[in-house]
Amino acid sequence: MCGFCGFTGTVENSSSVIEKMSDRIVHRGPDSSGFCCNDNINIGFRRLSLIDLTGGSQPIYNEDKTKVIVLNGEVYNYGPLREEMLGRGHIFTTASDTEVLLHLYEEYGIKMLQMLRGMFAFVIYDFKTNEVFAVRDFFGIKPFYYVMIDGNLVFGSEIKSFLEYPKFVAELNEDALENYLTFQYSVLTETFFKGVYKLPPGHYLKYKIGEPNAKLEIVKYFEIKFEPVEIGLEHTIQAIDKAVQDSIQKHKISDVEVGSFLSSGVDSSYVASCFKGQKTFTVGFDYDKYNEIEYAKTLSNAVGIENISKTISTDEYWGILPKVQYHMDEPLADPSAVALYFVSELASKHVKAVMSGEGADEFFGGYNIYKEPLDLRILTSLPMPIRKFLGKMATKFPFAVKGRNFFIRGSKTIEERFIGNANIFSVAERSKILKRPTGKFSPQDITKPFYDKVSGYDDITKMQYIDIHFWLVGDILLKADKMSMANSLELRVPFLDKEVFKVASKIPTRLRTNRQETKYAFRHAARKYMPEAVAQKKKLGFPVPIRIWLKEDKYYNMVKEAFVSDAAKKYFNEAELVKLLDEHRLGKKDYSRRIWTVYMFLVWYKEFFN
């Protein structure tokens, strides 16, 4: 796991600039640095060494030094691919997976992407054609950012490296802020920094340096498709377990020790029970309801692994927020990101790489919200005019009336009501708190192109498809990468594997989610490795007691100070923010997630713009 940055063309003192850009992301690779600099391109690299510890330093060149590569990530099937390239006459100078990619590109061009298995963002520069070729992995595990400045392409693993580029001007993208308030993460391709973009998952980028009127070519090379096959439960369980076990073994490939995160959920428990490593890592809070440490110790003892844990104090949690948001690059309002920071910090004291359970919920149907189409079936089977009438009548009921929300949600299509796992402020609500609402994008405008691709799917599968393209990339994988790399730790996600998805994509909906259980077949596959209670446990993630904290004087006052700050006044209607905070404190309604969403933006803004 590493980090890179770079720019095409030259600026004054280019070599000094690229070194400063690289220093900004030293946390991604404290083991060594490397550079490739000429009049056409400047590339900086930071290395966290896990494979070929002595010989795998980057950038890496091909035999005749006509091409150079930097890689952030891991290619888990590099062994057999290396053997194939050796058989075709390629000469290797390292034993690293990075060099395999370079020779594959020489041999197959962009077709090599279909041969890969892993997590990666990489850049190849061709000295002969003067072309930059950049790729982001299938599911968006590793990040890639870019911006065009005066005809030069500036790129990197983290946006903060761009701050050292002389002509980069950090300007807030208010369109991103508006939609963040609904999604709780940066959902647009253009980031919170105006002009800076994310390369989407499963896409590659090409740019010809020095060509008049050259434009970026961005192409999708991998399409996510669910293609269910009517197979029985036993066959599905066997297929899941075979794919998962194979992926875990592939993700263990390393020249250093690999550990595993462990919460009380089935996903991380499945990995921890099967990876046959030596250490698991767990964090909890100083509230009994929000502490999973005892469970983790019990499971670790049962499978013969050492569990290393930490209880996070409330003051520690609040004290680390500015650092967390700085490392995130863009604001993220998921409270569990902080827990992920602490468990990564804990693990980094013992190992350089860990496995984790991200992706199982999206692939196998694990979120409780996926039950909603089944619960609403009595309404959604009715003609739409009747559903709309019932929903309109329900809006007239007081909020406390039981069943009110049932009728309102049942009156909407899945495309209208589901934008992903988080839906914080409605369009009307965010317009009320923003000083300058643009109204440029509604949530449905953003999700519509993705819904259009799966119009023939059932509602549960549509929800999974939306979450894979939005929630998984914008929230789950963002915090996984940034919080682990903030602590110079590689985080590996064996469920987010191309071969595992092939199995998941063929599972019938009824074996993914039913009215009693989420991840139905997946839980059955996990059962033989852990106690029954764990396999059946509901999804919790990292539970964080922000609802309680925001009613306490100390933390209420910290948030209020931010809500009346100059930054808040610049973008928000101050009175509306304070009203949310006060009504939550008085117990009138739980506004904790809305408050947290605004507060995290303000904490992030202070790090980058004050």
Side-chain angles (χ1 to χ4, degrees), residues 136 138-140 175-176 178-190 197-203 218-228 359 361-377 379-385 387-388 391 405 408-428 430 439-478 496 501 504-510 512-513 518:
R136 192 175 182 196
F138 314 108
F139 305 111
D175 289 340
E178 189 163 25
N179 288 284
Y180 158 83
L181 292 174
T182 296
F183 287 87
Q184 91 168 15
Y185 53 86
S186 176
V187 70
L188 304 178
T189 304
E190 186 177 14
Y197 292 84
K198 295 169 277 205
L199 184 64
H203 284 67
I218 297 175
V219 179
K220 188 169 190 176
Y221 70 88
F222 180 74
E223 187 72 59
I224 291 170
K225 293 181 180 179
F226 281 90
E227 300 174 307
D361 290 309
E362 291 80 7
F363 282 10
F364 294 99
Y367 293 116
N368 290 324
I369 190 66
Y370 295 160
K371 291 182 181 180
E372 187 187 63
L374 304 174
D375 296 335
L376 291 175
R377 191 171 288 169
L379 278 180
T380 55
S381 62
L382 298 173
M384 184 55 78
R387 290 165 58 186
K388 292 290 185 186
N405 196 48
I408 292 173
R409 292 187 69 79
S411 71
K412 300 176 182 179
T413 64
I414 193 67
E415 291 80 2
E416 291 173 309
R417 70 176 185 262
F418 186 76
I419 62 166
N421 241 283
N423 192 341
I424 310 301
F425 287 94
S426 69
V427 171
R430 74 191 193 192
K440 190 173 180 181
F441 304 103
S442 73
Q444 287 71 31
D445 289 336
I446 294 169
T447 57
K448 186 179 187 304
F450 295 86
Y451 271 119
D452 287 347
K453 289 186 177 181
V454 291
S455 58
Y457 288 11
D458 62 82
D459 283 357
I460 292 173
T461 307
K462 286 179 181 178
M463 294 167 82
Q464 288 180 250
Y465 187 84
I466 291 297
D467 271 340
I468 289 171
H469 286 87
F470 288 91
W471 174 255
L472 179 64
V473 183
D475 185 300
I476 301 296
L477 293 179
L478 176 76
L496 282 173
F501 181 72
S505 69
K506 292 179 170 56
I507 300 173
T509 307
R510 62 184 175 81
R512 281 181 261 136
T513 304
T518 59

Side-chain donor or acceptor of Lys198 paired with backbone N/O of Leu188 under 3.5 Å: yes
Identify, with sequence neighbours excluded, every residue that meets side chain to side chain donor-acceptor pair (under 3.5 Å) alongside [X].
{"X": "Tyr451", "answer": "none"}
{"X": "Glu178", "answer": "Thr438"}
{"X": "Lys453", "answer": "none"}

Return all side-chain donor-acceptor pairs below 3.5 angstrom for residues 418-427, not counting sequence neighbours, or 'none' if the list is empty.
| from | atom 1 | to | atom 2 | distance (Å) |
| --- | --- | --- | --- | --- |
| Asn421 | ND2 | Asp467 | OD2 | 3.0 |
| Ser426 | OG | Glu429 | N | 3.1 |
| Ser426 | OG | Glu429 | OE1 | 3.3 |

Which value, rounded to the nearest 0.5 Å, describes the distance between Trp471 atom CH2 and Asp475 atom CG? 4.0 Å
For atom NZ of Lys440, decide whether the heavy atoms of other residues, nucleotides or ligands shown that lie under 6.0 angstrom number more than 12. no
State which residues pass ring-ring contact (aromatic ring centres under 6.0 Å, His included) with Phe450; sequence neighbours excluded, sorted by chain then number. His469, Phe470
Taking only residues two or more places apart in sequence, or in another chain, which ones meet Phe226 in a ring-ring contact (aromatic ring centres under 6.0 Å, His included)? Phe501
SB check Glu416 Lys388 (cutoff 4.0 Å):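 Salt bridge flag = yes for Lys388 with Glu416.
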Ignoring hydrogens and angles, state whether a donor on the side chain of Asn179 or Thr182 is under 3.5 Å from an acceptor on the partner side chain. no
Does the side chain of Val473 reach to within under 4.5 Å of the side chain of Arg136, using non-hydrogen atoms?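 Sidechains of Arg136 and Val473: in contact.
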